[in-house]
Amino acid sequence: MANIIKKAVFDFFDKTLAQEGYVLAVRKWEPASMYEIDLHLPETDLGKWKTIPRLKIKVAEFEYRDYSPAIWNVERKTCTILIETGHKGAGSAWVENLNTGEVFLFGPAHAAPLPPTAGKVLCLGDGSALGHFMALKLLTDREKNPLDVIMFLSEEYKIPESIISAYPEFEFIKQSQGNSLSTLKQWCTKTRNLSEFSVIYLAGYIPMVKELRKMFKNDSNVTVKILANGFWS
């Protein structure tokens with residue numbers, strides 16, 4: 001009975017993932033656990049992406065993963081997603097075996113909101129949140145909502161110059177032996193006055209996001225809005 005219900009749920013997911021996408025290019029960072037993937041979404045109106053978009057992609061039989069387009073071209077109906085494969089799973093296996101020209105099924109997933117008010121925005125996350133925060137920058141007015149983005153990276157990546165030059169407000173903390181939670185906590189307590197921000201975005205490893213959110217909620221000096229998204233565990 002349980003297997004019948006499970007199959008019915010997955011059949012429902014497959015029906016909602018009614019669109020086909022095409023892989024245009026796959027690029028690896030060094031070390032090769034961060035991938036940039038260019039996609040063509042011919043049936044999707046990218047002009048309707050007014051909040052941080054998420055795509056639910058079928059990565060294997062009965063397996064689905066949500067990814068944030070980092071940048072996109074409305075006219076060409078193309079976008080780029082960034083996926084970190086340091087943690088093993090169906091999503092990582094899909095990315096590591098992906099080839100140009102492949103077809104995949106996808107549909108829209110829950111989108112994340114933009115800053116509700118004017119003011120500085122702080123973003124804290126790990127490598128899995130990079131595309132999420134790049135999309136946030138693309139969708140916000142830099143004068144109305146200037147960003148400070150702190151990214152914990154668990155690999156000593158050679159970050160492409162194109163990203164470094166296009167995203168000067170992104171601070172990358174590379175610690176191959178480090179811990180994302182303790183590193184970002186330390187940054188918050190020793191580096192900045194959080195009262196200068198109007199909203200704080202948290203994204204990435206689910207236990208990290210939960211603990212950071214709890215820390216802010218328990219701090220009476222932090223009265224800003226917290227927007228949290230957990231991506232993996």
Side-chain angles (χ1 to χ4, degrees), residues 34 49-54 66-71 81-84 86-87 109-157 159 163-233:
M34 179 72 82
W49 289 354
K50 303 302 183 183
T51 54
I52 303 173
R54 299 282 285 170
D66 294 354
Y67 299 112
S68 298
I71 56 174
I81 58 177
L82 289 94
I83 303 177
E84 196 171 43
H87 46 281
H110 178 69
L114 300 183
T117 59
K120 293 186 68 174
V121 177
L122 174 63
C123 302
L124 302 171
D126 59 19
S128 68
L130 180 54
H132 186 76
F133 292 148
M134 289 170 67
L136 176 62
K137 176 179 177 177
L138 186 64
L139 291 165
T140 51
D141 185 319
R142 298 179 193 179
E143 293 186 2
K144 181 182 176 182
N145 293 115
L147 304 181
D148 277 355
V149 182
I150 312 304
M151 300 293 310
F152 173 87
L153 300 178
S154 59
E155 299 283 355
E156 296 288 337
Y157 292 119
I159 301 172
I163 288 182
I164 293 175
S165 60
Y167 300 90
E169 58 280 275
F170 283 48
E171 178 183 341
F172 296 99
I173 303 175
K174 304 176 187 178
Q175 292 184 1
S176 58
Q177 303 299 321
N179 176 275
S180 60
L181 176 59
S182 60
T183 299
L184 294 176
K185 272 187 174 182
Q186 184 179 46
W187 187 93
C188 290
T189 56
K190 292 186 177 182
T191 309
R192 297 298 291 268
N193 175 15
L194 299 181
S195 64
E196 67 181 282
F197 298 100
S198 63
V199 61
I200 298 175
Y201 281 83
L202 308 174
Y205 181 50
I206 294 172
M208 175 200 73
V209 169
K210 287 182 176 179
E211 287 301 314
L212 287 174
R213 188 175 187 275
K214 184 190 299 182
M215 179 184 75
F216 292 137
K217 290 294 185 182
N218 291 336
D219 187 344
S220 59
N221 294 316
V222 179
T223 58
V224 303
K225 187 173 184 62
I226 309 295
L227 297 173
N229 292 92
F231 296 152
W232 64 283
S233 58

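All values below come from the heavy atoms of this structure, side chains included, with hydrogens, waters and symmetry mates left out. All of these numbers come straight from a predicted model, not from anything done at the bench.
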Contact check, side chains of Thr140 and Val121, non-hydrogen atoms, under 4.5 Å: no
Neighbour count above 12 (heavy atom, 6.0 Å) for Lys120 NZ: yes
Calculate, to the nearest 0.5 Å, the distance between atoms CG and CD belonging to Leu184 and Gln186 respectively. 10.0 Å
The test is side-chain contact (heavy atoms from CB on, under 4.5 Å); show your working for Phe231 and Glu84 and say whether it passes. CA-CA 11 Å; Phe231 296 152; Glu84 196 171 43; over 6 Å; no
Could you grab the distance from atom CZ of Phe197 to atom CD1 of Ile226, nearest 0.5 Å is fine? 11.0 Å
Do Tyr205 and His87 make the cut of ring centroids closer than 6.0 angstrom? no
Just verifying a value: how many Å separate Lys174 NZ and Met151 CE, rounded to the nearest 0.5 Å? 12.5 Å
Just to verify, which of Val199, Ile150, Val149 counts as forming a side-chain contact (heavy atoms from CB on, under 4.5 Å) with Leu122? Ile150
Is there a donor-acceptor contact under 3.5 Å from the side chain of Asn145 to the main chain of Thr117? yes
Start with the C-alpha distance between Trp49 and Leu138, add both sets of side-chain angles, then the distance that settles side-chain contact (heavy atoms from CB on, under 4.5 Å), and finish with yes or no. CA-CA 11 Å; Trp49 289 354; Leu138 186 64; over 6 Å; no
Pairwise side-chain contact, Ile52 with Tyr201, heavy-atom cut-off 4.5 Å (strictly under): yes
Which pair of heavy atoms, one from Glu143 and one from Asp141, lies closest together, and at what distance? N-OD1, 2.8 Å
A side-chain contact here means heavy atoms from C-beta on lying under 4.5 Å apart; do Ile163 and Phe170 qualify? no
For the student: nearest non-hydrogen atoms of Met34 and Gly127, plus distance: CE-O, 3.6 Å
Testing the basics here: between Arg54 and His110, what is the closest heavy-atom pair and its distance to 0.1 Å? CG-O, 3.0 Å
So how far is it from Ile173 CD1 to Asp126 CG, rounded to the nearest 0.5 Å? 12.0 Å
In the structure I gave you, are the side-chain heavy atoms of Glu169 and Tyr167 within less than 4.5 Å of one another anywhere? yes
Just wondering, do Pro115 and Leu227 contact through their side chains at under 4.5 Å, heavy atoms? no
Got a donor-acceptor contact below 3.5 angstrom from the Asp219 side chain to the Met215 backbone? no
Please report the shortest heavy-atom distance between His132 and Ala112, naming the atom on each side. CE1-CB, 3.6 Å
Should we say atom NZ of Lys225 is surrounded by more than 12 heavy atoms from elsewhere, each under 6.0 Å from it? no
Between Thr51 and Ala111 the two heavy atoms that sit nearest each other are OG1-CB, 3.2 Å
Look up atom NZ in Lys144 and atom CG in Leu114, then write down how far apart they are to the nearest 0.5 Å. 9.0 Å
Report the C-alpha separation of Leu153 and Ile159 in whole Å, then their side-chain angles, then the decisive distance to 0.1 Å, and conclude whether the side-chain contact (heavy atoms from CB on, under 4.5 Å) test is met. CA-CA 11 Å; Leu153 300 178; Ile159 301 172; 4.0 Å; yes
List the steps, then state whether side-chain contact (heavy atoms from CB on, under 4.5 Å) holds for Trp187 with Leu124. CA-CA 10 Å; Trp187 187 93; Leu124 302 171; 4.2 Å; yes
Which heavy atom of Pro53 sits nearest a heavy atom of Pro69, and at what distance? O-CD, 3.4 Å
Working to the nearest 0.5 angstrom, can you tell me the gap between Ile81 CD1 and Tyr67 OH? 7.0 Å
Non-hydrogen side-chain atoms of Lys50 and Leu139 separated by less than 4.5 Å: no
